Q: 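After the structure tokens below, expect a handful of questions from me.
Quick note on labels: first sequence line is chain A, next is B, and so on, each numbered from 1. As the structure is a prediction and not an experimental result, all values here were calculated from the model.
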Protein chains: 2
Amino acid sequence: MEDQDHRKAIAARLKEARRLSGLSQGQVAQQMNLHRPSVSEIEAGNRRVSAEELSHFAKIYDVSVAYLVGDAPDTLAVNDPRLQLAARELQKLSPDSLNKLLKALAALRAGDDEGAN
Amino acid sequence: MEDQDHRKAIAARLKEARRLSGLSQGQVAQQMNLHRPSVSEIEAGNRRVSAEELSHFAKIYDVSVAYLVGDAPDTLAVNDPRLQLAARELQKLSPDSLNKLLKALAALRAGDDEGAN
DNA sequence: ACCGATATGTAAGATTATCTTACATCCACA
DNA sequence: TGTGGATGTAAGATAATCTTACATATCGGT
């Protein structure tokens, strides 16, 4: 595998985060419904961590999942005033309407670039 | 399993994010060194997603991992991750399409205020 | 409506990863 | 030195994932 490095890096942050939280592998394993050796292997980078587990780890250690996977916390810059207006409008929509809109958006965009991308 | 719901939710966001990005499962599979059926099963919530994969998905779809796992978005002007997605899509629209959309939004919102809630 | 092309869902055996238990090692401290 | 807690690791049992193949949509053009 190629993202072995990435995995190792995640593993290292998980281990460090656990230590900083003052928890033992056993305590963590219990909270996560895992066996202790699994936690050990995860921290060694020998086992993958599922997305759900990652989320659970983040909660237990009180860190962000973004940190655990090595991402910088991201911010979306919406600098077009018209988009800000649109965003405000979007926030007023019901979830259901938002759903419809999101689907409509894909169609609209397809019409815009016509084959590009 | 207990986090089945969490998994399904992650799967749903992955699917939605892919669609908004305009990519097919096949294209995604290729970029991630996966077979297409794996992507299909992941989006159906039948397969776990590893932390590395999650990170890769986030990069391809241009969304945050925090959004994908359902965490509260980290300090954004627009606090609904789905809106961030929509906003990004809006930026890709032509001015003309954006105009139409803004008008459509008003109509949608009018519909919301009536029966629902 | 029909067609071909592309996208997606799904089945089944082969393959690989993970689990579970047990034992080994390390380290702090009395 | 020796005891207890924490962690690493091995090995067979178990479970998930892969890979290939086929089935079912879905969409655009005719």
Side-chain angles (χ1 to χ4, degrees), chain A residues 1-57 60-61 68-69 99-100 102-117, chain B residues 1-57 60-61 68-69:
Chain A
M1 305 314 169
E2 223 271 51
D3 347 68
Q4 202 89 8
D5 291 341
H6 194 188
R7 174 142 111 201
K8 296 281 189 190
I10 293 172
R13 279 185 291 265
L14 279 172
K15 185 167 194 167
E16 185 185 33
R18 178 179 58 79
R19 293 197 149 139
L20 287 175
S21 78
L23 298 171
S24 70
Q25 291 182 348
Q27 292 175 304
V28 171
Q30 194 167 8
Q31 287 194 57
M32 300 200 43
N33 268 340
L34 280 178
H35 287 254
R36 190 195 50 76
S38 297
V39 177
S40 177
E41 298 289 2
I42 284 172
E43 291 185 356
N46 298 328
R47 300 210 155 141
R48 348 196 282 167
V49 188
S50 76
E52 304 94 311
E53 288 166 345
L54 185 75
S55 181
H56 201 167
F57 273 125
I60 291 177
Y61 300 151
L68 289 177
V69 301
N99 256 330
K100 291 181 196 155
L102 288 172
K103 291 191 178 102
L105 265 177
L108 256 184
R109 190 153 77 80
D112 269 348
D113 23 76
E114 198 58 73
N117 266 22
Chain B
M1 301 313 168
E2 221 269 58
D3 343 73
Q4 201 88 11
D5 291 341
H6 193 188
R7 174 140 112 204
K8 295 281 188 191
I10 292 172
R13 280 184 290 264
L14 278 172
K15 185 167 195 166
E16 185 184 34
R18 177 180 58 79
R19 294 199 146 138
L20 285 174
S21 79
L23 297 171
S24 71
Q25 290 181 348
Q27 292 174 304
V28 170
Q30 195 167 9
Q31 287 194 58
M32 301 201 41
N33 268 339
L34 279 177
H35 286 253
R36 189 194 50 77
S38 298
V39 177
S40 178
E41 297 289 0
I42 284 171
E43 290 185 357
N46 299 327
R47 307 217 146 139
R48 342 196 290 166
V49 188
S50 76
E52 304 95 310
E53 288 166 345
L54 186 75
S55 181
H56 202 168
F57 274 125
I60 291 178
Y61 300 152
L68 289 178
V69 301

Q: At their closest point, which heavy atom of A:Phe57 faces which heavy atom of A:Val28, and how far apart are they?
A: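 Looks like CE2-CG1, 3.6 Å.
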Q: Within the distance-only criterion (no hydrogens, no angle test), does the side chain of B:Arg7 pair as donor or acceptor with the backbone N or O of B:Gly45 below 3.5 angstrom?
A: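 Side chain of B:Arg7 to backbone of B:Gly45, a donor-acceptor pair under 3.5 Å: yes, one is there.
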Q: What string of B, S and - do you get for nucleotides 19-28 of chain C, 5' to 3', if B is base contact, S is sugar-phosphate-only contact and - is no contact with any protein heavy atom under 4.0 Å?
A: BBBB------
Q: Quick check against the 3.5 Å criterion: does B:His6 have a side-chain atom that pairs as donor or acceptor with the backbone of B:Val69?
A: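 A pair under 3.5 Å: yes.
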Q: So what is the end-to-end bend of the helix from C:dA1-D:dT30 to C:dA30-D:dT1, with 5 pairs used at each end and the value given to 10 degrees?
A: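 It works out to 40° between the end axes.
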Q: If I take atom CD in residue A:Glu52 and atom P in nucleotide D:dA16, what distance separates them, rounded to the nearest angstrom?
A: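 It works out to 12 Å between those atoms.
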Q: Who are the salt bridge (charged side-chain N to carboxylate O under 4.0 Å, His left out) partners of B:Arg18, not counting sequence neighbours?
A: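 So B:Arg18 forms a salt bridge (charged side-chain N to carboxylate O under 4.0 Å, His left out) with B:Glu43.
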Q: Who passes side-chain contact (heavy atoms from CB on, under 4.5 Å) against B:Arg13, sequence neighbours left out?
A: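 With sequence neighbours excluded, B:Arg13 shows a side-chain contact (heavy atoms from CB on, under 4.5 Å) to B:Ala9, B:Ile10, B:Tyr67, B:Leu68, given in chain and number order.
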Q: Hey, is the side chain of B:Ser40 poking within less than 4.0 Å of OP1 or OP2 on C:dG9, counting only N and O atoms?
A: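 So the side chain of B:Ser40 is within the cut-off, an N or O lying under 4.0 Å from OP1 or OP2 of C:dG9.
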Q: What residues form a side-chain hydrogen bond (donor to acceptor under 3.5 Å, both in side chains) with A:Ser38, not counting sequence neighbours?
A: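 A:Ser38: no side-chain hydrogen bond (donor to acceptor under 3.5 Å, both in side chains) contacts found.
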Q: How close or far is atom P of C:dT18 from atom CG of A:Asn46, stated in whole angstroms?
A: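 So the CG-P distance, A:Asn46 to C:dT18, works out to 9 Å.
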Q: Excluding sequence neighbours, so at least two apart, what forms salt bridge (charged side-chain N to carboxylate O under 4.0 Å, His left out) with A:Arg47?
A: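 If we apply the salt bridge (charged side-chain N to carboxylate O under 4.0 Å, His left out) test to A:Arg47, skipping adjacent residues, there are no hits.
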Q: Would you give the length of the straight line joining atom CD of A:Gln25 to atom CD1 of A:Ile42, rounded to the nearest 0.5 angstrom?
A: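 Interatomic distance, A:Gln25 CD to A:Ile42 CD1, rounded to 0.5 Å: 9.5 Å.
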Q: Kindly state which residues belonging to residues 11-31 of chain A come within less than 4.0 angstrom of DNA chain C, counting heavy atoms of the residue only, listed by number.
A: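 Result for residues 11-31 of chain A: none.
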Q: Roughly, in whole Å, what's the span from CE in A:Met32 to P in C:dT18?
A: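 Answer to the nearest Å: 14 Å.
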Q: Run the side-chain contact (heavy atoms from CB on, under 4.5 Å) test against A:Gln30 and tell me which residues pass, sequence neighbours left out.
A: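 Applying side-chain contact (heavy atoms from CB on, under 4.5 Å) to A:Gln30 gives none.
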Q: Only counting residues at least two apart or in another chain, list the ones meeting side-chain contact (heavy atoms from CB on, under 4.5 Å) with A:Leu20.
A: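 Scan of A:Leu20 (side-chain contact (heavy atoms from CB on, under 4.5 Å), adjacent residues dropped) gives A:Glu16.
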